[in-house]
Structures are given as structure tokens and as C-alpha cells.
Amino acid sequence: MPNKHQNASKISRRNFVKFGGAVIAGSTLNIPPLKNAHLSQEETEAKIKEYRVLGRTGFKVSDISMGTTRMREANVVRYAYDSGINYFDTAESYGNGNSEKMIGEALQFMDRKKVFITTKLHFEENATKEELLERFTKCQERLKTDYVDALYIHSASTVKILNHTGFHDAVKELKAAGRLKHTGVSNHGPRGDGESMEKVLCAAAEDGRFDLMLLSYNFMNKEEAEKVLAACKKNNVGTTAMKTSPGMLAVSPLDPDNLTKDQQEYLDRIMKRGTSKEKAMARLKRRVNRQLASYENSKTFVEKHGIKTQDQLRKTSIHWVASNPDMHTTCVSFSSFDMIDMIVPVSGVKLSAADQQFLEDYKLVFNAQYCRHGCNNCVSSCPHQLPVSTIMRYAYYYEMQGNEKLAMEKYLKLRDKNASLCFDCSAPCTASCPHNLDIPVQLTQAHSLLTLV
Amino acid sequence: MKNSISLLLILLIVISIPAHAIDFPTIKSFTPESEVAKYNPETLYEYINGGADVFLSFGFKELLTKDFSYQELQFSVDIYDMGSRVNGFGIYKVERPVDANFLKIGVEAVVSPPYQCLLLKDSYYVKINIFEGEFRQESGKDILRKVSAALPGSDKQPTEFSVLPVKNKIAYSEGYSREAFLGIDLLERCVYAKYKKDSASFRYFSIVSIKEEPSKITWQKISEKWKHAEAGKSTVLYKKIPYKGYTGIILSGDKILGVADCKNLEQVLDLLNVIVK
């Protein structure tokens with residue numbers, strides 16, 4: 001019997017159903033006419049002040065844009081538009097197509113020509129042109145629009161997928177029919193055995209067929225993302241940032257008689273897998289102690305900058321991204337009117353020296369504590385080509401998620417390519433880590449953890 | 001009176017406890033075509049990519065997925081354990097088509113040809129994706145009944161909805177918003193339903209109280225931000241929502257009850273009066 005992970009080659013319809021788009025029946029384009037648009041505006045608290053040219057698309061987009069993964073109210077999209085936001089990002093898979101529907105609903109209150117609508121399709125190598133055309137048609141129906149401004153390859157994890165013939169053939173047909181204007185590539189960092197964000201997106205920027213890149217960019221992954229930005233600038237490719245605000249400020253101490261919801265869930269997960277309550281509690285205690293130690297390190301920083309809320313860190317992080325003129329728009333997943341009112345005021349405002357210093361300090365405190373998503377920089381310096389970030393992730397599953405079985409099984413599948421090789425190795429991998437992680441120490445600890453040696 | 005309310009609450013809490021985490025159930029007549037794959041909150045994005053965020057926001061716990069064949073169809077069955085019945089309800093409503101024929105299988109189900117069936121039972125949200133064979137409404141119902149029968153737990157609506165009035169409620173209009181209901185950050189964990197009375201359309205909602213934040217704390221937080229109005233001996237908090245008119249809430253016992261989409265404050269007060277009664 002095949003393992004489900006290895007069984008991804010069924011038929012193209014599998015891609016269709018797995019990644020969404022099954023909500024609306026029919027295969028021919030059937031876009032209901034827009035009702036009489038009511039373009040009257042709500043008085044919003046804040047307004048966008050800066051618009052930037054989105055690479056070779058030539059479209060002037062607001063420096064703050066709207067992501068819709070957590071959006072539940074079409075009126076929030078409308079409010080964003082009334083605030084001056086004119087770039088809206090969605091995907092077939094968000095809410096099983098319902099995110100596209102909400103944008104379609106809000107579009108009735110917008111001047112279509114003044115907004116830039118993007119959607120995304122995720123697909124495997126075996127997807128056909130016909131399947132992608134059918135899925136795109138359904139996206140268009142949900143969005144209620146004659147044309148989509150850009151279609152992204154959703155979370156492209158390898159350079160190979162950039163050359164997908166079915167995708168490019170479908171795009172050619174859609175552009176010829178006036179149903180699609182541009183194409184792009186999104187990347188969140190390596191998935192499974194995928195390649196680094198830098199590798200995939202730099203290749204896409206150089207490729208010439210893609211007009212837009214959607215990438216993880218924040219003050220913690222600056223170096224890697226800025227290589228992508230440089231490639232985009234050189235090739236006049238439009239850039240959109242996502243995952244713009246990392247970092248946490250608060251840790252709850254452990255009170256065994258009054259666990260927080262998160263702590264209780266962690267405990268339940270471990271016990272569900274057969275661990276005794278005593279051992280599970282000991283694990284939880286170790287986890288909280290590690291978090292508290294990390295928090296203690298940051299205490300001086302928090303006090304120095306008078307940080308009171310997570311929102312403060314979030315807003316400053318987003319502001320930092322939006323301040324980079326090479327990032328044409330900063331995509332924020334807005335779920336509320338309040339959040340729009342909080343974030344939009346950073347538009348067109350230069351980041352103050354104090355805020356810049358705030359983020360630099362934060363980075364110094366937290367820099368050497370976690371292995372970055374989307375980074376595989378150290379792999380080339382490893383004589384054994386170990387998948388370092390993957391091993392670190394498995395250790396994270398084990399320690400922080402309480403998912404020992406999954407972590408150990410996955411680690412076992414690496415076979416000889418595991419961190420036991422680090423015990424006798426003196427290669428200078430730490431020097432290649434842009435974040436100064438002590439790689440050999442962390443890898444050998446991970447090996448002990450994942451093999452119970 | 002207070003004692004009976006407390007007893008009722010205890011009963012509601014007990015009834016609301018979700019079924020235990022499960023192994024993939026044996027489904028009568030289905031032939032397995034793959035091993036079970038499991039995903040947790042950290043790995044879910046490997047399976048459904050950008051769609052993972054919304055599942056995580058609803059407290060996703062674990063996904064079990066397996067391929068089957070049955071008659072001439074081949075399909076995958078994805079069982080999402082959302083940790084609680086109300087969270088399961090919330091994600092099902094986010095993903096469910098807005099306009100379809102909803103079925104009373106499990107808590108609720110829908111067949112959405114050409115390729116998909118959705119089912120809610122207890123805390124489990126199930127997505128069945130057909131990838132081989134001709135799929136019809138009847139075969140979809142058959143598959144949904146078999147999956148529902150194999151899953152443990154309740155096929156009743158989460159008890160949190162029992163506070164909402166029944167009269168004038170639009171069938172299948174209930175939903176659960178974990179965050180920013182109506183686009184307002186302060187309105188977290190809201191169960192709601194749509195109503196139609198004469199020519200008026202509106203929504204009743206209730207904020208679900210949790211251990212970490214009892215209703216009185218939530219009420220206090222909102223009272224600092226919203227306007228106050230008097231309704232007899234009670235205080236009503238109200239706010240104008242962009243494009244949607246007025247919304248208002250009232251603290252009734254240990255529950256916060258609310259109404260949204262009202263033309264003016266008078267309508268807010270009238271409709272809150274009805275729900276409190």
C-alpha cells in the first residue's frame with residue numbers, strides 16, 4: 001500500500017480538489033454582472049499616503065496592502081479600499097475559495113480599474129493546463145471580475161516548478177483572452193525537501209516570465225530576503241512582503257494548579273501519546289523554563305524601549321518593512337477595522353531612528369535563538385550536506401510541539417544523513433550562519449533528542 | 001433560579017467536551033488505498049499551504065488523512081480535529097459554500113459536486129475530495145453517511161448556540177467567529193445567526209465566555225471603548241459599524257448577548273429587549 005506522502009501523482013484532478021476550488025460547479029466562465037456600484041466612502045480614520053510602482057506591471061500600488069487569510073467580513077476589504085489600499089491578495093485555498101468570494105463581494109463597491117487583485121494556485125508537477133484553466137475560471141467567478149491582475153504560483157518550493165509547462169501554457173491562453181495580466185511566484189521558505197526562498201525567488205526574478213514576487217520579509221530575515229529584492233530590482237520585478245512581523249514579547253510562568261490554555265493543550269498533546277502525567281508535566285516545566293530564560297534575556301530590551309504590547313512590536317515591524325523603497329508593497333493580513341486604523345498610519349512615514357534602534361536591539365536579543373524559516377545558507381559549508389534547518393525543525397516538533405513520534409520518524413528517514421556526523425566534524429559551519437547560531441552544538445543536541453541517545 | 005442556571009451551565013460544559021482524539025476510524029465498505037498521514041499545527045502548511053492559517057486561528061489540533069475507493073469512486077478523507085465542537089463549527093462555516101443544499105448528516109453536511117463533500121460532526125470537520133469516478137449528489141450523501149457513522153461524538157449543534165433565539169432565525173445561518181466578529185477586534189469568540197423579521201434583517205450573537213476571560217472581564221474591556229445607553233435598569237453598550245449600521249450588547253447573567261446590523265440605536269434596544277426576555 002503506498003504511503004500517502006508518496007502518492008501525490010494520482011491524477012490532475014487530485015490537485016484540483018486538494019487545493020480548493022471545488023465550491024462552484026461548472027467549467028465555463030460565468031461571472032454575474034456587478035450590481036450598481038455604490039462608491040460612497042466610509043469616513044476612515046487613516047489614509048494611505050504613498051503609492052509605489054509595482055515593477056514592470058507599471059501599476060501604482062499602496063505601500064500597505066491587504067492579505068486575506070484571516071478576513072471574515074467583506075466590509076473590512078471595503079474599509080481598506082476607502083483607506084486608500086488598492087492591492088488585495090487572496091488565493092484559491094483561503095477559506096476553500098470563500099476569501100475570493102468576499103473580495104468579489106467588496107469589489108462591487110470599488111472602481112475595478114483602481115485596484116490590483118492577485119490570487120494564487122498551488123499545484124503539483126502533474127497538473128495539466130486544462131486543470132489550471134478550470135481552477136482559474138472558478139477563481140474568477142468567485143472574484144466576480146472580468147480579469148485578474150496577477151496569478152501567483154502558490155508557495156513554489158523548487159526552481160523546477162517555475163518551468164511548469166501546463167502553468168505557462170494556461171497563462172498564455174488567459175493573457176491572450178484578456179483574463180489575466182501578470183504572473184508571479186510566492187515562497188514562504190522551504191517545504192519538506194524544498195529549496196531555499198532565496199534560490200527559488202532569485203531564479204524566478206531572473207527567469208523573465210514572472211512579473212511579481214511575494215516573499216517573507218521582516219527584520220529577522222533581512223539578509224536573505226534582500227538578495228531576492230536585489231534580483232527583483234535588477235529585473236524590474238514587482239515585490240510584495242508577507243510574514244512581516246515576527247517575535248513575541250510575553251511568556252506565561254508555570255502554575256501547575258492553574259495552567260494557561262496553551263500550557264494545558266501542550267500537556268494534553270503529550271499525554272495523548274501515552275506519556276504519564278508526571279513526565280508530561282516535567283516536559284512542560286522544561287519548556288516554560290526555556291521560554292522564561294529567553295524572555296529574561298530580552299527583559300532589558302523590553303524595559304529600555306517601554307514595550308507594552310504585542311501590537312507595538314507588530315506595528316513597528318510592519319513599518320520597518322514598508323520603509324524599504326525596494327519593497328513595493330507590504331501585505332498585512334487585516335481582519336478588523338481597528339487593525340487597518342492601526343497600521344495604515346505608517347504609510348509614507350519614514351521609520352524613526354528610535355524605532356530603527358528598537359528593532360536592531362530586538363534582533364540582537366533574539367538573533368541567535370532560532371533557525372530561520374526560508375534559510376539554508378549553511379548547507380554549502382557542510383561537508384556532509386546535512387539539511388540543517390530541517391533537523392532543527394524536527395527538534396522543534398519534538399521539544400516545543402510534544403510530537404516526539406512524528407519528529408523521530410521523520411529524523412529516522414534522513415538515514416545516514418543525520419547529525420551524528422557532527423560529533424567528529426570540525427567544518428566551520430557556524431561561520432556561514434548569517435544569524436550566528438552555534439550550529440554544531442544545536443545539531444548534536446538535536447541528534448541526542450531525536451534518537452534518545 | 002441562580003442554582004438552576006449554574007446547573008444548566010455545568011451541564012452545557014459537560015455536553016460541550018469534545019470526543020477524544022481519535023485514530024483514523026474504520027469506515028464500513030470503504031477500501032483503503034493509502035496509509036494514514038498525520039499533520040499537526042506545525043506541519044499543516046505542508047499539506048494545505050496558505051490555507052493553514054485559518055485552521056490554526058480556529059484552534060486546529062490534528063489532521064488525519066487517508067485515500068479510499070468505494071464503488072467506482074476514489075477519494076481522500078481529511079479529518080480535521082479542531083479540539084472543540086464550536087471550533088469545528090467555525091471552520092466548517094468558513095469553508096462551506098454560502099448557497100447550497102445543506103444536509104442533516106452529522107451536525108451538518110453538504111455535497112458540492114463536481115468533486116467535494118464537507119461534513120461536521122462533534123469537533124471533527126471532514127473534507128472528502130473525489131479524484132476519480134463520476135460523482136453525483138446521491139453517492140455524496142452515501143459517502144457522508146458512512147463517514148459520519150464511523151466518527152465518534154455528537155451530531156448536535158454546539159451548545160453555545162442554545163442562547164440564541166429560535167424565532168425568526170434563518171435556517172443554516174449560524175456561524176462562529178473566533179476573532180474580529182463584524183470586523184471588530186474586541187468581539188472574539190462569537191456565536192451568531194441571521195434573522196429576518198418583517199422587512200428587517202439582523203444578526204443576534206453571543207460572546208462565548210472562557211476560563212481565561214469570563215464575561216465580566218470582556219464586558220469591562222468593551223465598556224471602555226463603546227458608547228453607553230440605558231435600557232431600563234440595564235446598560236447597553238453600542239457602536240456604529242462601518243457600512244453595517246449599529247451593533248449593541250447587553251450583559252445578561254453571565255452571558256454577553258448582542259445584536260448587529262441595526263438601522264439605529266432604537267432598533268438595537270428593541271431587539272436586545274427581545275433576546276433578554
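From a predicted model like this one, the values you see are computed outputs, not experimental measurements. So you know, we letter chains A, B, ... as the sequences are listed, proteins then strands, and number each from 1.
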Q) Got a sec, which residues hit ring-ring contact (aromatic ring centres under 6.0 Å, His included) with B:Tyr176, two or more places apart in sequence or on another chain? A) none
Q: Tell me, please, which residues at least two apart from B:Gln137 pass side-chain contact (heavy atoms from CB on, under 4.5 Å).
A: B:Val111, B:Pro113, B:Lys141
Q) Do NZ/NE/NH1/NH2 and the carboxylate oxygens of A:Glu73 and B:Arg203 come within less than 4.0 Å? A) yes
Q: Working to the nearest 0.5 Å, report the span between CG of B:Leu182 and OG of A:Ser336.
A: 11.5 Å
Q) Side chain, backbone, both or neither: which part of B:Leu118 has a non-hydrogen atom closer than 4.5 Å to chain A? A) side chain
Q: Please state whether the rings of B:Tyr243 and A:Phe337 are parallel, tilted or perpendicular, taking 30° and 60° as the class boundaries.
A: tilted
Q) Are any side-chain N or O atoms of A:Asn75 and backbone N or O atoms of B:Gly183, one a donor and one an acceptor, separated by less than 3.5 Å? A) no
Q: Give a yes or no on whether A:Asp255 atom CG has more than 12 heavy-atom contacts from other residues, nucleotides or ligands under 6.0 Å away.
A: yes
Q | Gap separating the OG atom of B:Ser57 from the CZ atom of A:Arg72, nearest 0.5 angstrom | A | 5.0 Å
**Q.** Closest non-hydrogen atom pair, B:Pro97 against A:Lys101
**A.** CA-NZ, 4.3 Å
Q) Less than 4.5 Å apart, any side-chain heavy atom of B:Lys127 and any of A:Asn96? A) yes
Q.
Using a 3.5 Å distance criterion without hydrogens, assess whether the side chain of A:Asn98 forms a donor-acceptor pair with backbone atoms of B:Val94.
A. yes
Q | Point-to-point distance, once rounded to the nearest 0.5 Å, from CD of B:Glu95 to OG of A:Ser99 | A | 11.0 Å
Q) Is it the backbone or the side chain of B:Tyr92 that comes under 4.5 Å from a heavy atom of chain A, or both, or neither? A) neither
